[in-house]
Novice: 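Quick one: this structure, given as structure tokens, is what I'll be asking you about.
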Amino acid sequence: MSISDATVAVSEELAARDDMIVCRGVDKWFGDFQALSGITATIKEQEIVVVLGPSGSGKSTWIRCINRLEAHQSGQIIVDGIELTNDLRNIEKIRSEVGMVFQQFNLFPHLTVIDNITLAPIWVRRKSRPEAEEQALSLLERVGIPEQAQKFPGQLSGGQQQRVAIARALAMEPRVMLFDEPTSALDPEMIKEVLDVMEELARSGMTMMVVTHEMGFAREVADRIIFMEEGEIVEVGTPHHFFTEPAEERTKLFLSQVL
Amino acid sequence: MADGGDVPVIGDKPVIERVAARPAEETYRSPGEWVRKNLFPTPFNSFLTVAFGLFVLFSARGLLNFVFSEERGWDAVRTNLRLIFTHAYPEEQYVRVWVCVGVVAVLAGLSLGLFASRGDGLRLRKIANGLNAAAVAIAVGIVLREPSVLVGADGETVRDGDGVVRQSFAEAMTDRWGWWLVAAIFAVIALALRRVPERSDGSPSAVQALDFAVGALAVPVISAWVYPWGHYAFADGEFIAEPGRTVAMSTKLPWTVMWVLAVASLIVGRWVRSRVDERVLARLRVVVSCTWLLVPFVLYWVVLRDPDLDWDRILTVDMPLALAFGIGGGIVLRWLTKDGIGEFGRISAVALLGLAAFHWVAAFMGWYPMLQKVRISFLLLAVMALLAHNFSGEAAKRRRLVLAWFVITTVFHYFATVMNTPSTVETPTEALIGGFAVTLVVAVFTLMLSFPLGVVLALARTSRLPIFRVMSTAYIEVVRGVPLITILIFFVVILPLFLPANMEISLFASATLGYTLFSAAYLAENVRGGLQSIRRGQYEASDAVGLSTVQRTVFIVLPQSLRASIPPLVGQVIATFKETSLLAIIGVFDILRMANSVIPAQTQFLGIKREGLLFVSLVYWVFSYMLSKQSQRLERRLGVGER
Ligand SMILES: Nc1ncnc2c1ncn2[C@@H]1O[C@H](COP(=O)(O)OP(=O)(O)OP(=O)(O)O)[C@@H](O)[C@H]1O
Ligand SMILES: [Mg+2]
């Protein structure tokens with residue numbers, strides 16, 4: 001299936017927007033093992049893309065290539081017009097444009113919540129401390145935990161920690177947010193509080209790329225769904241297309257297992 | 001923490017509450033019950049208790065008989081206390097030593113008052129148990145020790161055909177009334193403590209451990225006023241046992257002043273803490289930490305050494321030099337933090353580093369003369385320049401960097417000048433101080449210098465750049481493969497031969513250098529353990545928010561890995577502290593050498609060695625034990641909440 005087919009599925013309004021993330025023929029090997037092969041996809045400004053696929057299909061690897069936590073070996077990744085190369089300056093620029101939320105939260109355990117959030121704005125964005133703290137407090141308000149500012153991550157529940165992690169990423173005022181299974185490490189009763197925050201973020205016009213197993217979220221919030229398997233993009237489409245009339249056999253098989 | 005909130009219920013009380021109540025019940029067990037349960041639970045355990053109990057009593061008897069034997073020359077220790085602690089620091093300047101102790105007391109009091117966390121405290125009941133145990137131990141000791149030897153009117157021991165004549169058991173017991181009295185006082189205090197009612201909220205009465213320690217320190221201070229214990233004399237470079245003056249008499253005033261200073265600053269610290277908010281407290285923490293780092297230098301080079309400052313030279317050479325570096329460097333740094341300087345700034349910083357390195361190469365090749373402090377200043381400036389881009393942008397941050405540079409330049413040039421000025425204090429040996437003071441000084445400087453070096457080595461060893469990795473690994477493995485004493489001898493004997501003609505190095509400095517390089521290798525391995533314990537997610541999260549490698553290391557990686565490696569690091573601190581005893585071998589008059597060779601060579605105490613060695617071991621043990629106790633506290637505190 002070629003990329004032109006994929007873009008057909010996208011509404012014309014979406015197609016008219018600017019490109020935010022462009023991947024062209026991205027290959028990635030771990031030693032002899034090819035984790036990504038010829039990934040080609042474009043994510044438009046303010047678009048919400050959900051990436052689905054079985055375990056080991058390369059979803060995390062792809063999303064981590066986009067802010068250079070992993071380096072791809074061939075092909076092009078262009079974020080907001082900047083190409084990811086070995087040039088450190090480009091990597092720096094892209095990392096400050098792209099926020100990332102991890103499955104394991106990865107908060108800094110020795111810093112308080114507010115310090116977790118303000119560290120990068122102060123030292124990377126060069127904000128003054130009062131300014132950064134004010135912003136952090138309003139972000140905590142936005143993710144619904146303003147009262148936890150002075151606690152340490154270890155004193156919060158999983159859902160609260162993940163919301164702090166989202167606030168921390170947002171504090172850099174990114175243009176794109178990447179989520180790698182943000183709710184997979186959470187107890188069921190905390191999943192919703194995180195998904196609610198993500199939904200609110202989506203409505204506010206953030207460009208988002210989300211790897212998740214939450215089919216409900218994919219169906220309700222996504223503009224497009226990308227289905228991957230064995231390091232390749234198998235199928236791309238709107239949620240409606242994807243859940244009601246998938247074209248590929250492999251997609252159908254996957255859906256029959258998860259739904 | 002994520003247990004959802006439904007607490008299992010047994011009866012009509014939630015289990016959690018019962019669990020919380022249990023420890024309190026445990027403490028109400030009577031002593032008899034405790035003994036039955038812990039010492040004689042089964043016949044076999046009873047046998048073990050009795051067998052090992054007898055062994056302990058037997059050893060204790062041996063030790064007591066040794067320590068309290070009439071043949072012991074404890075006067076050798078008592079008379080030489082000053083020698084043991086500071087060696088031959090001149091009598092008329094001795095107030096300087098007390099100033100040092102006072103500064104440490106004030107700073108310790110302030111720090112504890114400002115920052116010590118207030119825990120649940122020591123339960124009075126526990127203190128009472130401790131006092132009771134001490135009373136019992138003293139009573140047992142009184143009975144265990146063999147009766148004393150009888151001394152005749154001529155001061156000679158009384159002998160008959162079989163050897164010395166001893167008191168009867170009953171005589172010995174009554175003769176030791178002083179010890180009985182001490183035991184009785186302990187028991188009475190314990191009884192009184194047990195009578196203290198519980199607090200109104202039902203929790204057991206307790207005192208803060210810190211308050212208890214401060215109170216306990218008052219006991220020896222007060223005792224010096226009450227009873228003139230100890231002998232003491234040291235006059236005109238001669239050691240004499242002078243009956244009229246004792247340790248208590250000559251030190252009671254200074255010790256009282258020290259105690260009052262410590263308590264006063266503790267109170268001031270607490271008072272300040274109750275007035276200020278978290279942010280101010282965090283700033284104070286930085287100020288106090290920096291003061292602690294400066295204090296060893298000030299005390300040793302300024303207070304103890306009393307430099308004989310040459311004002312002509314200072315006004316014509318040192319001041320202008322410091323000003324030139326301060327202002328020149330300030331301008332450079334301000335320019336480097338300008339907006340939009342970008343790549344050009346980094347290149348300039350690297351160029352500065354190259355220039356600084358070149359001066360050092362030139363020094364060793366002897367190409368051109370240059371003051372050592374100029375070379376070091378260039379190096380400092382280069383390091384600051386490399387860090388400068390972290391402070392670019394906002395005006396306040398730029399100002400802070402320039403300000404930091406002024407402070408660094410001032411402090412560095414001040415100490416460089418002071419260290420190069422001869423001392424006015426004259427001592428019989430080359431070294432300024434000796435005894436336990438030199439142990440402390442070498443240990444403190446070694447740790448202060450080897451910590452940063454160890455951290456750098458650990459980072460280099462885990463670096464991605466092979467050249468750093470190889471260099472650091474080679475260094476660490478070489479040092480760890482060589483005995484410390486070899487390194488020390490190398491630095492003291494061989495290094496001076498290799499130095500360029502215009503460089504000189506004192507015994508003290510070269511020994512400290514040897515210790516530093518040695519200890520750094522071990523510290524590096526400990527820090528590396530901590531570095532490896534940091535999960536990959538921490539690196540990824542730091543990268544994802546855009547921190548640079550330096551920022552990631554300083555803000556995320558090091559704080560966590562140092563915290564994780566506190567136990568081995570403290571182990572290394574204690575090891576370094578004890579290893580300073582090797583100073584005795586390379587010719588420094590440290591505490592061990594006092595006991596092992598200096599005191600036994602004095603005419604009155606000829607050959608008396610064992611007492612001194614026992615006392616020195618006790619001093620080492622007390623300090624090491626305090627360090628390890630502190631580290632346990634630190635670990636517990638850092639483990640709570642922040643992880
Ligand atoms: N650092 C690595 N070294 C070697 N192989 C790796 C590495 N990281 C991932 N892989 C391999 O790459 C493949 C894709 O991994 P990836 O983590 O991207 O899968 P995923 O789609 O995110 O799976 P999951 O849903 O389980 O998270 C897997 O087969 C994995 O074993
Ligand atoms: Mg994954």
Side-chain angles (χ1 to χ4, degrees), chain A residues 64 67-70 88-89 91-112 115-117 119-129 131 133 150-161 165 168-169 171-172 174 178 180 186-190, chain B residues 1-6 277-279 282-283 337 339-340 342-343 346 387 389-401 530 533-564 638-643:
Chain A
R64 288 154 57 82
N67 69 348
R68 216 5 130 113
L69 291 181
E70 304 278 3
L88 275 176
R89 278 168 300 178
I91 297 176
E92 259 171 44
K93 259 187 228 148
I94 286 179
R95 282 190 178 150
S96 62
E97 302 262 297
V98 177
M100 176 131 183
V101 176
F102 302 85
Q103 182 177 349
Q104 298 298 342
F105 329 136
N106 294 344
L107 292 176
F108 306 130
H110 61 298
L111 299 178
T112 57
D115 288 339
N116 262 279
I117 300 175
L119 183 70
I122 291 174
W123 289 96
V124 182
R125 285 262 186 253
R126 318 222 161 279
K127 287 195 178 169
S128 72
R129 184 174 287 273
E131 196 188 341
E133 281 181 355
Q150 299 305 333
K151 290 201 182 156
F152 286 92
Q155 297 168 313
L156 302 182
S157 75
Q160 291 171 329
Q161 290 193 44
R168 176 177 70 181
M172 290 298 288
L178 308 177
D180 189 359
L186 297 178
D187 291 341
E189 69 267 23
M190 296 171 194
Chain B
M1 166 188 348
D3 54 14
D6 45 347
D277 63 6
E278 281 299 317
R279 169 146 316 160
R283 291 234 170 117
T337 47
D339 263 337
E343 210 51 17
R346 290 191 201 187
L387 294 176
H389 66 272
N390 284 315
F391 295 84
S392 63
E394 203 200 332
K397 251 186 215 165
R398 294 177 71 189
R399 227 175 302 130
R400 215 175 309 153
L401 180 73
S533 74
I534 294 188
R535 279 181 282 129
R536 213 175 75 169
Q538 294 292 308
Y539 290 87
E540 290 177 351
S542 320
D543 288 347
V545 292
L547 297 181
S548 70
T549 313
V550 173
Q551 291 167 344
R552 185 182 72 195
T553 309
V554 172
F555 296 128
I556 308 300
V557 177
L558 278 183
Q560 291 185 57
S561 55
L562 289 180
R563 194 167 299 189
L638 293 177
V640 174
E642 309 195 6
R643 270 249 145 192

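Here is the naming used below: chain letters follow the sequence lines, and residue numbers restart at 1 for every chain. Note that the structure is predicted; figures quoted are calculated from it, not measured.
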Novice: Examine whether an atom of A:S128 lies under 4.5 Å from a heavy atom of chain B, and if so say whether it belongs to the side chain, the backbone or both; otherwise answer neither.
Specialist: both
Novice: How close do B:K397 and A:K127 get, heavy atom to heavy atom, and via which atoms?
Specialist: NZ-O, 3.7 Å
Novice: Could you check whether any side-chain heavy atom of B:P559 comes within less than 4.5 Å of a side-chain heavy atom of A:F108, counting everything from C-beta outward?
Specialist: no
Novice: Go through the atoms of A:F102 and report whether side chain, backbone, both or neither lie under 4.5 Å from a heavy atom of chain B.
Specialist: side chain
Novice: Is it the backbone or the side chain of A:V98 that comes under 4.5 Å from a heavy atom of chain B, or both, or neither?
Specialist: backbone
Novice: For A:I122, which atoms come within 4.5 Å of any heavy atom of chain B: side chain, backbone, both, or neither?
Specialist: both
Novice: Would you say that B:D543 contacts A:L69 through its side chain, given a criterion of any heavy-atom pair below 4.5 Å between the two side chains?
Specialist: yes
Novice: Relative to chain A, which segment of B:R552 carries a heavy atom at a distance below 4.5 Å: side chain, backbone, both, or neither?
Specialist: neither
Novice: Side chain, backbone, both or neither: which part of A:R64 has a heavy atom under 4.5 Å from chain B?
Specialist: side chain
Novice: Tell me if a side-chain donor or acceptor on A:H110 pairs with a main-chain N or O of B:V557 at a distance below 3.5 Å.
Specialist: no
Novice: May I ask you to name which of B:A541, B:G546, B:A396 has the most heavy-atom pairs under 4.5 Å with chain A?
Specialist: B:A541
Novice: Quick one: are A:R95 and B:V545 in side-chain contact, heavy atoms under 4.5 Å?
Specialist: no
Novice: Given heavy-atom pairs under 4.5 angstrom as the criterion, report whether the side chain, backbone, both or neither of B:Y539 touches chain A.
Specialist: neither
Novice: Looking at B:Q538 and A:L107, would you say the former's side chain and the latter's main chain have a donor-acceptor pair under 3.5 Å?
Specialist: yes
Novice: Is any side-chain heavy atom of B:E540 closer than 4.5 Å to one of A:M100?
Specialist: no
Novice: Pick one of side chain, backbone, both or neither for B:S548, based on which atoms fall under 4.5 Å of a heavy atom in chain A.
Specialist: neither
Novice: Please look at A:Q104 and chain B and tell me whether the side chain, the backbone, both or neither of the residue comes under 4.5 angstrom of a heavy atom of that chain.
Specialist: neither
Novice: With no hydrogens and no angle check, is any side-chain donor or acceptor of B:Q551 less than 3.5 Å from a backbone partner on A:W123?
Specialist: yes
Novice: Calculate, to the nearest 0.5 Å, the distance between atoms CZ and CG belonging to B:R536 and A:N106 respectively.
Specialist: 10.0 Å
Novice: Top residue by heavy-atom pair count (under 4.5 Å) with chain B, among A:K93, A:R68, A:E133?
Specialist: A:E133
